[in-house]
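See below for the structure under consideration.
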Amino acid sequence: KNVSGKCDLKCAYNFQYPESNTTAKNQGVLINLSYDNSKTPPVTYNTQKYSVAQVIISSPSLHLFNGATTDAEILIIHTPVKGGPELFVCIPIKSSSESSDASYLLKEIIDITGTNAPSDGESTNLSISGFTLDKIVPNKQYYSYTDQGTNDWIVFGILDAIPLNSATITTLQKIIKPYPVPMIGGELFINTTGPNST
């Protein structure tokens with residue numbers, strides 16, 4: 001109901017993320033994941049090239065979906081190669097008995113972090129073979145807005161949330177605390193064609 005219009009041409013998001021070695025750091029209110037970049041910037045957004053700066057997991061979500069938070073959210077933070085505002089790509093996570101490639105990857109990340117870095121300030125090398133954000137980001141329609149600091153945001157809807165079983169959600173909520181941040185943006189637009197469309 002908050003969508004002002006379509007932005008298929010003005011919020012074009014194309015990606016080809018490389019495989020990465022990843023370290024997880026427990027920061028008390030979120031899990032911070034490192035990510036390796038390829039020589040070629042993995043993301044193009046509105047003709048600008050971006051590299052991955054970091055990936056974070058929060059619980060509950062930072063955004064509201066239909067007026068309420070979800071169990072968790074993953075945020076991929078990108079920095080532009082030529083400088084300027086950052087690009088955030090956000091995917092909700094919900095408790096579900098269903099599963100996907102993204103579910104298996106996130107379960108592994110959370111389980112390893114819960115075992116090896118359960119406290120604020122602790123880090124662990126994840127050693128997950130074949131880990132790539134290509135398996136995390138849905139090829140589905142998404143919403144777009146610009147925040148008050150002129151950063152661009154892409155947020156996928158609740159229908160395309162990553163499913164995680166309740167035990168994994170419980171593990172996540174035991175190792176990090178809620179991090180309430182007011183997410184204030186401008187007009188909300190929708191890209192119905194999804195990423196990597198021509």
Side-chain angles (χ1 to χ4, degrees), residues 13 15-38 42-43 50-63 65 69-79 86-140 142 153-181 183 195:
Y13 167 45
F15 64 80
Q16 189 169 10
Y17 294 104
E19 290 188 4
S20 174
N21 295 310
T22 308
T23 300
K25 182 172 184 181
N26 185 332
Q27 296 194 307
V29 292
L30 51 88
I31 296 172
N32 191 320
L33 306 175
S34 64
Y35 200 83
D36 298 333
N37 283 291
S38 52
V43 166
Y50 290 80
S51 297
V52 178
Q54 59 181 319
V55 181
I56 63 175
I57 302 170
S58 69
S59 181
S61 65
L62 301 184
H63 285 96
F65 299 86
T69 57
T70 60
D71 294 295
E73 186 173 4
I74 184 163
L75 295 89
I76 307 164
I77 305 169
H78 305 80
T79 50
E86 291 181 313
L87 170 67
F88 294 75
V89 174
C90 312
I91 308 121
I93 298 166
K94 66 180 178 184
S95 180
S96 172
S97 57
E98 297 176 10
S99 61
S100 63
D101 285 347
S103 307
Y104 294 120
L105 276 176
L106 282 180
K107 181 182 184 310
E108 201 168 353
I109 289 167
I110 292 165
D111 287 348
I112 294 170
T113 306
T115 301
N116 298 336
S119 301
D120 187 359
E122 295 181 330
S123 297
T124 183
N125 192 339
L126 296 175
S127 300
I128 299 172
S129 64
F131 174 63
T132 169
L133 290 171
D134 274 13
K135 295 178 181 176
I136 299 283
V137 181
N139 266 305
K140 302 286 186 176
Y142 54 83
W153 292 77
I154 286 171
V155 186
F156 288 86
I158 192 67
L159 293 177
D160 300 307
I162 298 168
L164 271 187
N165 64 50
S166 57
T168 305
I169 296 286
T170 300
T171 299
L172 178 62
Q173 292 173 343
K174 281 180 180 174
I175 60 176
I176 60 172
K177 297 186 177 99
Y179 185 42
V181 180
M183 306 301 281

Exercise for review: Indicate whether any N or O donor in one side chain lies under 3.5 Å from an N or O acceptor in the other, for Q54 and N32.
Suggested key: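 Present: a donor and an acceptor within the cut-off.
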
Practice item. Establish, from distance only, whether the side-chain atoms of E86 and H78 form a donor-acceptor pair under 3.5 Å. Key: no

Practice item. Apply the side-chain contact (heavy atoms from CB on, under 4.5 Å) test between T113 and each candidate in L172, I175, I57; give the one that qualifies. Key: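 Single side-chain contact (heavy atoms from CB on, under 4.5 Å) partner of T113 among L172, I175, I57: I175.
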
Practice item. Among residues two or more places apart or on two chains, list those pairs meeting ring pair (Phe, Tyr, Trp, His ring centres under 6.0 Å) that have a residue in residues 97-116. Key: none

Main-chain N/O of [Y] paired to [X] side chain as donor or acceptor, under 3.5 Å:
{"X": "S59", "Y": "D71", "answer": "yes"}
{"X": "E73", "Y": "P60", "answer": "no"}
{"X": "K94", "Y": "A72", "answer": "no"}
{"X": "E19", "Y": "T132", "answer": "no"}
{"X": "T79", "Y": "A53", "answer": "no"}

Practice item. Please work out which of the three classes, parallel, tilted or perpendicular, describes the rings of Y13 and F15, given edges at 30° and 60°. Key: tilted

Testing the basics here: between [X] and [Y], what is the closest heavy-atom pair and its distance to 0.1 Å?
{"X": "E122", "Y": "N116", "value": "OE1-O, 4.3 Å"}
{"X": "D36", "Y": "N21", "value": "OD2-N, 3.0 Å"}
{"X": "N26", "Y": "G28", "value": "OD1-N, 2.8 Å"}
{"X": "I93", "Y": "L106", "value": "CD1-CD1, 3.7 Å"}
{"X": "Y35", "Y": "V52", "value": "CB-CG1, 3.7 Å"}
{"X": "P163", "Y": "S100", "value": "CD-OG, 4.0 Å"}

Within the structure provided, determine whether [X] and [Y] are in side-chain contact (heavy-atom separation under 4.5 Å).
{"X": "Y142", "Y": "D160", "answer": "no"}
{"X": "T23", "Y": "L33", "answer": "no"}
{"X": "V155", "Y": "F88", "answer": "no"}
{"X": "P18", "Y": "N37", "answer": "no"}
{"X": "L87", "Y": "V43", "answer": "yes"}
{"X": "F131", "Y": "E108", "answer": "no"}
{"X": "V89", "Y": "L75", "answer": "no"}

Taking distance alone, no hydrogens or angles, what donor-acceptor pairs closer than 3.5 Å link side-chain atoms of residues 164-171 to residues at least two apart or in another chain?
{"from": "N165", "atom 1": "OD1", "to": "A167", "atom 2": "N", "distance (Å)": "3.2"}
{"from": "N165", "atom 1": "OD1", "to": "T168", "atom 2": "N", "distance (Å)": "2.8"}
{"from": "N165", "atom 1": "OD1", "to": "T168", "atom 2": "OG1", "distance (Å)": "2.8"}
{"from": "T170", "atom 1": "OG1", "to": "S166", "atom 2": "O", "distance (Å)": "2.9"}
{"from": "T171", "atom 1": "OG1", "to": "A167", "atom 2": "O", "distance (Å)": "3.1"}

Practice item. Can you sort out the partners of D134 under salt bridge (Lys or Arg N to Asp or Glu O under 4.0 Å), two or more places apart, ordered by chain and number? Key: none

As an exercise, state the distance from [atom1] of [X] to [atom2] of [Y], rounded to the nearest 0.5 Å.
{"X": "T70", "Y": "I91", "atom1": "OG1", "atom2": "CD1", "result": "11.0 Å"}
{"X": "S58", "Y": "K177", "atom1": "OG", "atom2": "NZ", "result": "15.0 Å"}
{"X": "C90", "Y": "I56", "atom1": "SG", "atom2": "CD1", "result": "8.0 Å"}
{"X": "I128", "Y": "K135", "atom1": "CD1", "atom2": "NZ", "result": "10.0 Å"}
{"X": "I162", "Y": "F156", "atom1": "CD1", "atom2": "CZ", "result": "9.5 Å"}
{"X": "I74", "Y": "S61", "atom1": "CD1", "atom2": "OG", "result": "13.0 Å"}

